[in-house]
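Structure first, commentary second.
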Amino acid sequence: MITFEQHVLNAEYKLNETEEAIISYIKANQETVSHMSIGKLATATYVAPNAITRLCKKLSYDGFVALKLALRDTNAIDQWGSEQLLQQAIINRNFDLIDEQREDAVIEAMMIAKKNFFFAVGETAYVAQNFADIFNAADQKTQFVTYENQIIYEIENDSNLTIFCISQSGETAQTLRVAKAARANQQTIISLTGLQANTLSRLADIALYSYAQLKMWRGYNLTDKTPLFIIMKALFDRYFRNYV
């Protein structure tokens with residue numbers, strides 16, 4: 001189950017000040033709120049009950065009861081009958097992170113840009129290159145760049161670019177340098193990272209998230225890249241279906 005905090009992170013771009021205040025109250029009183037009625041929470045946060053209902057929908061909960069159950073499960077350990085069921089659950093969580101409103105914002109940025117550049121390093125680069133090639137087949141202006149110096153040169157010597165940075169940790173040094181160069185040169189930054197607070201998503205104009213369990217072995221990062229493909233494929237499918 002995606003935690004309450006992760007639901008908030010995934011939806012934070014569309015929250016207003018009132019909703020952020022409600023969330024702050026919930027975070028500070030999780031145990032109490034998990035047993036509250038919607039009316040009592042509304043009274044405690046000085047809003048109408050329908051404001052709580054709208055917030056639940058923005059956070060991708062079916063309703064207030066679902067939110068309360070999520071709060072009760074915050075510290076619970078997922079128990080799955082097998083590794084296969086665990087993997088299936090992780091994959092399903094990523095479909096919950098697909099957000100059509102945010103996808104449309106990404107697509108609009110890519111459509112109005114003069115050029116679109118995808119950047120990633122390590123094994124994540126395979127994901128970036130795959131989707132750069134797919135988008136380029138449709139728009140003829142998207143490319144994957146594997147060298148940090150090359151993409152920074154493009155960023156510093158051209159305008160109206162969209163820079164799509166992919167990093168599961170959101171803390172990859174090379175990717176952050178590229179994002180900071182894009183920020184300094186007023187280029188549009190789109191990020192795809194794991195579902196946690198991270199530096200790259202904070203630098204981005206639009207932040208996309210995927211969910212995967214970190215897996216390290218003898219110094220190697222073996223974290224599954226499938227979730228990245230799910231989020232990117234949903235983005236491309238929406239682009240191709242509605243705009244090509």
Side-chain angles (χ1 to χ4, degrees), residues 9-15 94 97-195 197-210 225 227-244:
L9 179 61
N10 189 50
E12 65 179 357
Y13 77 97
K14 56 185 174 183
L15 299 174
N94 283 278
L97 299 178
I98 295 170
D99 185 312
E100 293 183 350
Q101 180 181 341
R102 187 166 45 195
E103 286 179 344
D104 285 340
V106 172
I107 292 167
E108 181 181 2
M110 295 180 71
M111 290 181 68
I112 65 177
K114 184 195 303 183
K115 298 177 186 176
N116 300 307
F117 290 101
F118 278 68
F119 180 78
V121 299
E123 292 190 5
T124 307
Y126 294 110
V127 181
Q129 183 170 12
N130 178 270
F131 283 98
D133 291 343
I134 291 174
F135 271 100
N136 189 60
D139 65 20
Q140 303 297 304
K141 63 175 184 178
T142 300
Q143 67 182 90
F144 169 70
V145 179
T146 188
Y147 298 110
E148 177 187 338
N149 290 341
Q150 178 185 352
I151 193 169
I152 289 178
Y153 176 85
E154 297 281 356
I155 288 168
E156 293 178 343
N157 290 278
D158 208 341
S159 59
N160 191 23
L161 307 178
T162 293
I163 311 300
F164 206 127
C165 296
I166 302 178
S167 166
Q168 283 185 307
S169 69
E171 303 296 343
T172 307
Q174 300 98 310
T175 309
L176 291 180
R177 286 195 290 268
V178 168
K180 289 175 181 177
R183 172 64 60 206
N185 287 273
Q186 299 182 321
Q187 311 286 14
T188 300
I189 307 165
I190 301 167
S191 68
L192 173 56
T193 70
L195 186 57
N198 62 79
T199 306
L200 180 56
S201 64
R202 288 193 293 270
L203 287 168
D205 296 286
I206 308 171
L208 303 176
Y209 295 101
S210 65
K225 304 299 184 292
L228 298 174
F229 279 97
I230 291 173
I231 302 303
M232 288 303 306
K233 185 178 186 304
L235 176 66
F236 179 77
D237 286 350
R238 185 164 180 78
Y239 167 70
F240 192 82
R241 183 171 59 250
N242 295 331
Y243 300 98
V244 175

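Quick note: numbers below take in every heavy atom, side chains included, and nothing from hydrogens, waters or symmetry partners. Keep in mind the model is a prediction, meaning the values are calculated, not measured.
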- Item | Minimum heavy-atom distance between Glu154 and Leu161, given as atom pair plus value | O-CD1, 3.5 Å

Considering residues at least two apart in sequence or located in another chain, which fulfil the salt bridge (Lys or Arg N to Asp or Glu O under 4.0 Å) criterion with [X]?
X: Lys14; answer: Asp99
X: Lys141; answer: none
X: Glu148; answer: Arg177
X: Asp237; answer: Lys233

Is it the case that more than 12 heavy atoms not belonging to [X] sit under 6.0 Å from its [atom1] atom?
X: Tyr243; atom1: OH; value: yes
X: Glu108; atom1: CD; value: no
X: Gln140; atom1: CD; value: yes

- Query: Sequence neighbours excluded, which residues qualify as ring-ring contact (aromatic ring centres under 6.0 Å, His included) partners of Tyr13?
  - Reply: none

- Does the side chain of Thr172 pick up a donor-acceptor pair with the side chain of Ser167 at under 3.5 Å? yes

- Would you mind telling me which of Thr162, Ile190, Leu192, Asp205 makes a side-chain contact (heavy atoms from CB on, under 4.5 Å) with Val106? Ile190

Going by atom type alone, with no hydrogens or angles, which donor-acceptor pairs under 3.5 Å involve a side-chain atom of residues 115-133 and a protein atom two or more places apart or on another chain?
from, atom 1, to, atom 2, distance (Å)
Asn116, ND2, Met110, O, 3.2
Asn116, ND2, Thr142, OG1, 3.3

- Euclidean distance, Ser159 OG relative to Lys114 NZ, rounded to 0.5 Å: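 Lys114 atom NZ to Ser159 atom OG measures 4.0 Å (nearest 0.5 Å).
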
